[in-house]
A.B. asks: 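Before we start, here is the structure in question, set down as structure tokens.
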Number of protein chains: 2
Amino acid sequence: MDNKKDQSVRQLTEEMFQIQLKANQFMKSLTREEELSDNLVFLLLKLKWSEFLKVTEIAEFFLLTPGAATNMCDKLERLGLVERIRLKEDRRVVRVALTKKGEERVHDIFAKFSAEQLETVISSLTQIRLLFEKIEDTL
Amino acid sequence: MDNKKDQSVRQLTEEMFQIQLKANQFMKSLTREEELSDNLVFLLLKLKWSEFLKVTEIAEFFLLTPGAATNMCDKLERLGLVERIRLKEDRRVVRVALTKKGEERVHDIFAKFSAEQLETVISSLTQIRLLFEKIEDTL
DNA sequence: TTAAATATTTTAATAATTAAAATATTTATT
DNA sequence: AATAAATATTTTAATTATTAAAATATTTAA
């Protein structure tokens, strides 16, 4: 591995490291008063704009096993943030939905940001996603 | 929470989710044949361009406890990828450095990418970092 | 009616982390 | 010089989040 490539490795490592750091900081600023894990917060957000999700849907979204998804729901249910109801039409299926308390929790997460701030964040995140897609096309 | 803000939450959730997905995919493509965790790979990369790191330095970089950093080193040492040597000048300090095998492992990670690919990736990552910094300034 | 497939939960095991304790060394104080 | 305090790393115990596998209940297919 020549010096030019060494430099590339060094740069790439540094950028990746900084990005991870800032991404974590961003998550923290979003969930600054949350003691929930990132994935649990993500799930609350996801449920905010889905009427409900099945456990297998949750598992698929998060690329986890059904057991892990169940465990996530256990935690949120214990906190009164979600409820689980068996579907009448197919009693194998469990609907997972936000409770009133869960709705309020999501509301609280975003109450601290102005509409302008949100727009800026969304716009930046969109560009970040596009850049990752560019990387995807490159490799 | 009004409809406009609902939409913002929805968009933000979706972007965050996609970014997490793509960032994971990126890590996977970088470490596609690695059975090491992300942090272990990161540490290998970091050691590639540092002569050596102390355990506390590793803990600081990764925002972990010294115990966790020790554990990371245990794993890499067990695999023959790093070595630990007490500093003569201060025998409390352990130098952690890549072995020859570790160097080769890092080399292998990047052997599969061309210089052009690396340049594109680095450039995109730099922009991603700048965008995260913009978000940081916004919040 | 029986067998196979499916959804979720439970159980057991594993990996990665923290908090706290332990060990060794260095630095500061007496 | 001796003692106390600080520091670096490791070890131990506990916790959290995940997987694999097993269990339970239900639906679908034969």
Side-chain angles (χ1 to χ4, degrees), chain A residues 17 20-21 23-25 27-28 31 34-47 50-79 81-97, chain B residues 17 20-21 23-25 27-28 31 34-47 50-79 81-97:
Chain A
F17 202 79
Q20 183 173 71
L21 214 51
N24 286 337
Q25 278 167 359
M27 272 310 291
K28 280 288 163 297
T31 66
E34 289 293 342
E35 64 296 304
L36 303 176
S37 72
D38 290 355
N39 266 0
L40 291 182
V41 174
F42 255 135
L43 180 50
L44 288 182
L45 297 187
K46 200 108 183 126
L47 287 169
S50 315
E51 192 186 353
F52 67 90
L53 290 168
K54 297 159 33 176
V55 171
T56 45
E57 285 173 338
I58 293 169
E60 277 160 25
F61 279 134
F62 289 91
L63 302 175
L64 299 173
T65 62
T70 292
N71 192 267
M72 281 168 79
C73 297
D74 288 347
K75 287 198 188 72
L76 293 180
E77 192 181 35
R78 208 175 296 141
L79 293 167
L81 301 176
V82 304
E83 63 188 345
R84 287 190 272 202
I85 302 154
R86 294 262 168 191
L87 262 211
K88 277 206 268 291
E89 303 84 56
D90 181 346
R91 280 175 293 171
R92 297 174 299 182
V93 177
V94 171
R95 302 163 51 138
V96 183
Chain B
F17 202 80
Q20 185 174 68
L21 214 52
N24 285 337
Q25 279 167 358
M27 273 312 291
K28 279 287 164 295
T31 66
E34 290 292 343
E35 64 296 301
L36 303 177
S37 72
D38 290 355
N39 266 0
L40 291 182
V41 174
F42 255 135
L43 180 50
L44 288 182
L45 297 188
K46 201 111 183 120
L47 287 169
S50 316
E51 191 187 354
F52 68 89
L53 290 167
K54 298 162 22 174
V55 171
T56 44
E57 283 173 339
I58 293 170
E60 277 160 27
F61 279 135
F62 289 91
L63 302 175
L64 299 174
T65 61
T70 293
N71 193 267
M72 282 169 79
C73 297
D74 288 346
K75 289 198 188 71
L76 294 180
E77 192 182 35
R78 209 176 295 140
L79 292 168
L81 301 177
V82 305
E83 62 188 346
R84 287 191 271 203
I85 302 155
R86 293 263 166 191
L87 262 210
K88 279 206 267 294
E89 305 81 56
D90 181 346
R91 280 173 295 171
R92 296 174 299 182
V93 177
V94 170
R95 300 166 49 140
V96 183

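Only heavy atoms go into these numbers, but all of them, side chains included; no hydrogens, no water, no symmetry mates. So that the names make sense, note that chain A is the first sequence line, chain B the second, and so on, each numbered from 1.
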A.B. asks: Which part of the nucleic acid does A:Thr70 contact within heavy-atom distance under 4.0 Å: base, sugar-phosphate only, or nothing?
C.D. replies: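 It contacts base atoms.
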A.B. asks: Assign A:Arg84 to base, sugar-phosphate, or nothing according to its heavy-atom contacts below 4.0 angstrom with the strands shown.
C.D. replies: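 Sugar-phosphate: the residue A:Arg84, judged by heavy atoms under 4.0 Å, touches backbone atoms but no base.
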A.B. asks: Taking atom P of D:dT9 as reference, at what distance in whole Å does atom CZ of B:Arg86 sit?
C.D. replies: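 Roughly 7 Å, once rounded to whole Å.
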A.B. asks: Given that A:Lys88 and B:Val93 both sit by DNA chain D, which one's nearest nucleotide is further toward the 5' end?
C.D. replies: B:Val93
A.B. asks: Rounded to whole angstrom units, what separation is found between the CZ atom of A:Arg95 and the P atom of C:dT8?
C.D. replies: 13 Å
A.B. asks: Counting Watson-Crick and G-U wobble pairs only, both distances under 3.5 Å, name the nucleotide matched with C:dA22, or none.
C.D. replies: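 Here C:dA22 is engaged in a pair, and the nucleotide opposite it is D:dT9.
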A.B. asks: Measure distances between side-chain N and O atoms of A:Arg92 and base N and O atoms of C:dT8, and say whether any donor-acceptor pair falls under 3.5 Å.
C.D. replies: no
A.B. asks: Calculate, to the nearest 0.5 Å, the distance between atoms CD1 and CG belonging to A:Ile58 and A:Asn39 respectively.
C.D. replies: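 CG of A:Asn39 is found 11.0 Å from CD1 of A:Ile58.
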A.B. asks: In whole angstroms, how far is the P atom of C:dT14 from the CG atom of A:Leu64?
C.D. replies: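 That distance rounds to 20 Å.
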A.B. asks: Separation of A:Asp90 atom CG from D:dA25 atom P, in whole Å?
C.D. replies: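 Atom-to-atom, A:Asp90 to D:dA25, this comes out as 16 Å.
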A.B. asks: Nearest whole Å is fine: how far is D:dT18 C1' from A:Ile58 CD1?
C.D. replies: 16 Å
A.B. asks: Assign A:Thr65 to base, sugar-phosphate, or nothing according to its heavy-atom contacts below 4.0 angstrom with the strands shown.
C.D. replies: base
A.B. asks: Starting at CG of A:Leu81, measure out to CG of A:Leu36 and round the result to the nearest 0.5 Å.
C.D. replies: 6.5 Å
A.B. asks: What's the closest nucleotide to the B:Lys54 side chain, out of D:dT9, C:dT8, D:dA17?
C.D. replies: D:dT9
A.B. asks: Check the phosphate of C:dA16 against B:Lys75, side-chain N and O only, distance under 4.0 Å to OP1 or OP2. Yes or no?
C.D. replies: yes
A.B. asks: How many Å lie between CG on B:Leu87 and C1' on C:dT25, as a whole number?
C.D. replies: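 Checked: the CG to C1' distance equals 12 Å.
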A.B. asks: At under 4.0 Å, does any side-chain N or O of B:Arg91 touch on OP1 or OP2 of C:dT26?
C.D. replies: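 Yes, B:Arg91 has a side-chain N/O under 4.0 Å of OP1/OP2 on C:dT26.
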A.B. asks: Over how many whole Å does the gap from B:Asn71 atom CG to D:dT16 atom P extend?
C.D. replies: 18 Å
A.B. asks: Look at A:Thr56 and C:dT8 and indicate whether a side-chain polar atom (N or O) is within less than 4.0 Å of OP1 or OP2.
C.D. replies: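 For C:dT8, OP1/OP2 do have a side-chain N/O of A:Thr56 under 4.0 Å.
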A.B. asks: Look only at the side chain of B:Arg86 and the backbone of B:Arg91, and say whether a donor-acceptor pair between them is shorter than 3.5 Å.
C.D. replies: yes
A.B. asks: Tell me the interatomic distance from A:Asp74, atom CG, to C:dT8, atom C1', rounded to whole angstroms.
C.D. replies: 11 Å
A.B. asks: Can you measure from OG1 (B:Thr70) to NZ (B:Lys75) and round to the nearest 0.5 angstrom?
C.D. replies: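 Reported value, rounded in 0.5 Å steps: 11.0 Å.
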A.B. asks: Nearest to the B:Val94 side chain among C:dT9, C:dT25, D:dT9, which nucleotide is it?
C.D. replies: D:dT9
A.B. asks: Using distance alone, with no hydrogens and no angle criterion, decide if B:Lys28 and B:Asn24 have a side-chain donor and acceptor under 3.5 Å apart.
C.D. replies: no
